[in-house]
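Starting from 1, each residue takes its place in the sequence as its number. Whatever order the structure lists ligands and atoms in, that order sets their numbers, starting from 1. Side chains are part of it too, since the values below use all heavy atoms of this structure and drop only hydrogens, waters and symmetry mates. Keep in mind the model is a prediction, meaning the values are calculated, not measured.
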Amino acid sequence: MPHTKTPQGFYKPLAIGAPEPYRQPPVALERMIHFVPPHIEKIRSKIPDMISQVDVILGNLEDAIPADEKENARSGFIEIGKNNDFGSTGLWTRVNCLNSPWFLDDVTEIVASIGNKLNVIMLPKVEGPWDIHYLDQLLAQLEAKHSIKKPIQIHAILETAEGMNNVEDIARASPRMHGMSLGPADLAASRGMKTTRVGGGHPFYGVLEDAEGDKPRTLFQQDLWHYTIAKMVDACMGNGIKAFYGPFGDFSDGDACRSQFRNAFLQGCVGTWSLHPSQIKLAKEVFSPEKEEVLFAKRILEAMPDGTGAVMLDGKMQDDATWKQAKVIVDLAKIVAEKDPDLAAAYEM
Ligand code: GLV
Ligand code: MG
């Protein structure tokens, strides 16, 4: 017998008094998870303006926060949570990793003070389902203690070779799982990949065209992250949770960033991280479906009201499967339209 919980047990609160786990995760538009360093006062003062411009604000406590600012980042994040009204914009934090000296206080202090406003905890360097189980239990105890009304969800970063091996078990470890992001920097290090870049392509990773006499041969660059993203998307979508691209480190190269975001979007990711204000616009552009695609998808749905049979539209065959493809795009367009009046008009919604 596999060591899994009973179906009933899976949805039982893990502590007496903790909220019921979600059976269906809440619907939320999360095209970009915008990272902010909460120890910096100037950044904290910009949060009220930022709320209307992004889908998710994430207070980063982990990597990129200096060791001697870890406590200030935590208290700065709590201040951000207390002093702002987030409306439909998500409030997330990335806590320090499980074996760090900061993790326990990050989680306990944040849940105690702003647990009713916090939507998601991003957990870095997840190696296997045991990491999720630990945070799951701890959160249930804290939710019970502090009378938290809704379950705080967990979002794993996929950034170790061991985590890759266990990606499916991580995705289904708990009803608290929100989704997963690719962490290309840590993952590259953990796997021994020979790149110093944070996400994106590499000029040496490609396929050389066949030799033809002395003709110069072109190297066609390939997406270094193709396999990883595809595996992550299958693990997530196969378990009813969402997949995200992660950081793109070269802020000076918007075109490369857009192209990496787009590959992830086309493969099934629903959003990305934005680490710099310029990436917010790129993420919005890429992770909102294209106007022409939405209008065409709407025509498919209209042409096949019950989703069965086959029709031709502009010379292209449509059937039950393309109806489902169209529905993915139209469903996404609907939640984008709710947040964005310009796109609502473009999508004719
Ligand atoms: C993100 O945390 C990464 O390591 O790429
Ligand atoms: Mg990392």
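Taking Phe204 as the reference, His202 meet the ring pair (Phe, Tyr, Trp, His ring centres under 6.0 Å) condition, with sequence neighbours excluded. Judged as a side-chain contact (heavy atoms from CB on, under 4.5 Å), and not counting sequence neighbours, the contacts of Ala326 are Ala297, Ile300, Leu301. Partners of His39 by ring pair (Phe, Tyr, Trp, His ring centres under 6.0 Å), not counting sequence neighbours: none found.
Around ligand 1 you find Arg94, Glu159, Gly183, Pro184, Ala185, Asp186, Pro247, Trp273, each with a heavy-atom distance below 4.0 Å.
Panel note: side chain Lys194, backbone Gly192; a donor-acceptor pair is recorded below 3.5 Å.
For the residue pair Leu219 and Pro203, the shortest heavy atom distance occurs at CD2-O, 3.0 Å. The two residues Pro25 and Gln153 make their nearest non-hydrogen contact at CB-NE2, 4.0 Å.
For the pair Arg23 and Tyr11, the distance from NZ or CZ to the six-membered ring centre is under 6.0 Å and the angle to the ring normal is within 45 degrees.
The N, O or S atom of Glu159 lying closest to the Mg ion (ligand 2) is OE1. Between the Mg ion (ligand 2) and the N, O or S atoms of Asp186, the shortest distance is to OD2.
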